[in-house]
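Let me begin by presenting the structure, written as structure tokens, before commenting on it.
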Amino acid sequence: MRTDELIAILAGDATPTPPGRARQRLLLACLAGVLGAAALVFGSHILPAKHDFSTVILTAPFWMKPAYAAWLAVGAFMLVDAMGRPGAKADAGRLVGAAAFAAIAGLAAVNLALTAPDNRMHAIMGSSWWFCPIAIVISAIPALIAVMIALRAMAPTRLVRAGLAAGLLAGGVGASIYALWCRETTAAFVAVWYTLGIVACGGVGALLGPLVLRW
Amino acid sequence: MPAAIVSCNERRGHGVLAKDRGVSEEGRLKALMLRGLDGDASAHGELLTLMSRYLRGYFGRRLGAATADTEDLVQDTLLTIHLKRETYDPAQPFTPWAYMLARYKLLDHFRKDRARTMVPLEDAGVLLAVENTEEGAVRRDLGKLLSGLPPRQSQLLRDVKLTGLSMEEAAAKSGMSVSAVKVSIHRGLKTMAKKVRDADR
């Protein structure tokens with residue numbers, strides 16, 4: 001085919017293209033991830049029913065955990081959106097994510113300073129430290145699949161970074177839902193083990209990126 | 001050693017020129033892109049025509065004499081600019097967006113060729129550095145690509161492109177609505193893009 005013929009065909013195909021469409025698909029992928037994680041955490045009977053929600057729903061620690069994870073997810077969302085747009089700057093997303101971590105780290109530091117020295121270790125390790133990162137990675141699987149599909153439909157050009165961002169977003173989404181089940185109450189626990197779980201999701205995403213994001 | 005310094009200076013001079021040229025050209029390309037996104041077919045066509053010259057220069061300089069590959073890459077990138085245009089953020093400049101797409105296609109080409117060639121991340125201005133209007137030979141045959149499509153899609157693409165019918169005429173001929181014709185042609189183009197990719201694999 002001659003190039004000018006191709007151009008004529010493509011020009012004839014110039015339907016109006018609203019710039020927000022890709023972002024909507026990404027948002028939809030996150031929603032699918034939320035539903036998938038909710039099904040895994042609350043619907044699958046893998047985890048025993050644990051909370052009496054009526055007693056915890058008004059407490060600050062109950063909301064601190066999903067708030068941190070969701071805040072990270074917002075930063076990761078901006079990162080993923082930038083990664084899907086060739087040449088876009090990803091600084092804003094990084095800043096939002098870093099601010100979330102700074103907030104929980106600050107809260108954890110204050111929290112630990114106010115805790116008796118003998119109890120500090122327990123405040124950090126809680127009673128589910130080994131379980132939490134694993135549960136977050138598993139909760140993130142539906143979001144990871146959905147976000148990867150949505151990102152691949154955009155135009156990621158740096159596949160490791162794009163996969164990392166997608167993994168962080170999936171981790172944030174998965175952790176937001178897992179947090180509703182989790183019984184831990186200290187900021188120190190969240191700052192360490194939630195962060196570790198979400199970063200592990202990012203690592204999985206970075207490994208998968210070059211394999212699944214090529215278009 | 002002195003030779004390296006000379007070539008380094010030349011390159012720097014070249015880059016400055018490209019930058020000056022890029023400032024005005026960026027505005028022009030971006031304006032065309034924005035009009036194209038609004039559905040202006042002539043602006044979209046003009047943008048792709050301009051980009052085909054820049055891309056031919058960009059790929060040609062990096063592939064040397066492999067002209068068939070160059071033109072394949074030009075067409076592949078034009079198709080990509082078209083199909084991925086929703087990922088262009090109107091708040092951002094156009095040239096870096098197009099440059100990253102072209103670089104991605106070039107890397108993809110090298111990867112498929114198993115050539116162990118590095119493509120350094122350059123200033124986006126290099127995309128606009130040289131305008132090369134010469135058209136190279138093309139390896140791919142339109143008929144072959146079209147024949148793999150569903151009969152209705154390939155007939156529509158033939159009618160609209162090769163015979164030169166308008167969308168309206170093609171719609172009347174096929175008994176479809178104009179918007180259905182547009183959708184069908186769009187799908188056909190996507191399928192063709194996929195075939196081009198698979199063929200390179």
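Below, chains carry the letters A, B, ... as their sequence lines are ordered, and counting in each starts from 1. Predicted model, so just to flag it, every value in this text is computed and none were measured.
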Could you walk me through whether A/Arg214 and B/Arg111 pass side-chain contact (heavy atoms from CB on, under 4.5 Å), step by step? CA-CA 12 Å; A/Arg214 209 173 287 288; B/Arg111 192 174 54 84; 3.0 Å; yes
Taking the side chain as every heavy atom from C-beta outward, state whether [X] and [Y] have any atom pair closer than 4.5 Å.
| X | Y | result |
| --- | --- | --- |
| A/Thr3 | B/Arg56 | yes |
| B/Leu37 | A/Pro16 | no |
| A/Asp13 | B/His82 | yes |
| A/Arg158 | B/Tyr104 | no |
| B/Tyr88 | A/Thr17 | no |
| B/Thr49 | A/Asp4 | no |

Measure the spacing between [atom1] of [X] and [atom2] of [Y] and express it to the nearest 0.5 Å.
| X | Y | atom1 | atom2 | answer |
| --- | --- | --- | --- | --- |
| A/Ile7 | B/Leu50 | CD1 | CG | 9.0 Å |
| A/Trp215 | B/Asp108 | CH2 | CG | 8.0 Å |
| B/Ile185 | A/Leu10 | CD1 | CG | 11.0 Å |
| B/Glu71 | A/Leu6 | CD | CG | 9.5 Å |

For a quick check under 3.5 Å, do A/Arg21 and B/Thr87 share a side-chain donor-acceptor pair by atom type? no
For residues B/Lys84 and A/Ala155, report the shortest heavy-atom separation together with the two atoms involved. CD-CB, 3.9 Å
On a heavy-atom basis, the closest approach of B/Ala41 and A/Ala14 is CA-CB, 3.9 Å
How about residues 85-110 of chain A versus chain B: which residues have heavy atoms under 4.5 Å apart? A/Arg85, A/Pro86, A/Gly87
At a 4.5 Å cut-off on heavy atoms, which part of [X] comes close to chain A: side chain, backbone, both, or neither?
| X | answer |
| --- | --- |
| B/Asp38 | backbone |
| B/Ser42 | neither |
| B/Leu47 | neither |

I need the residue from B/Lys182, B/His44, B/Met100, B/Met51 with the largest number of non-hydrogen atom pairs under 4.5 Å to chain A. B/Met100
A/Arg23/B/Glu86 ion pair, N-O < 4.0 Å: no
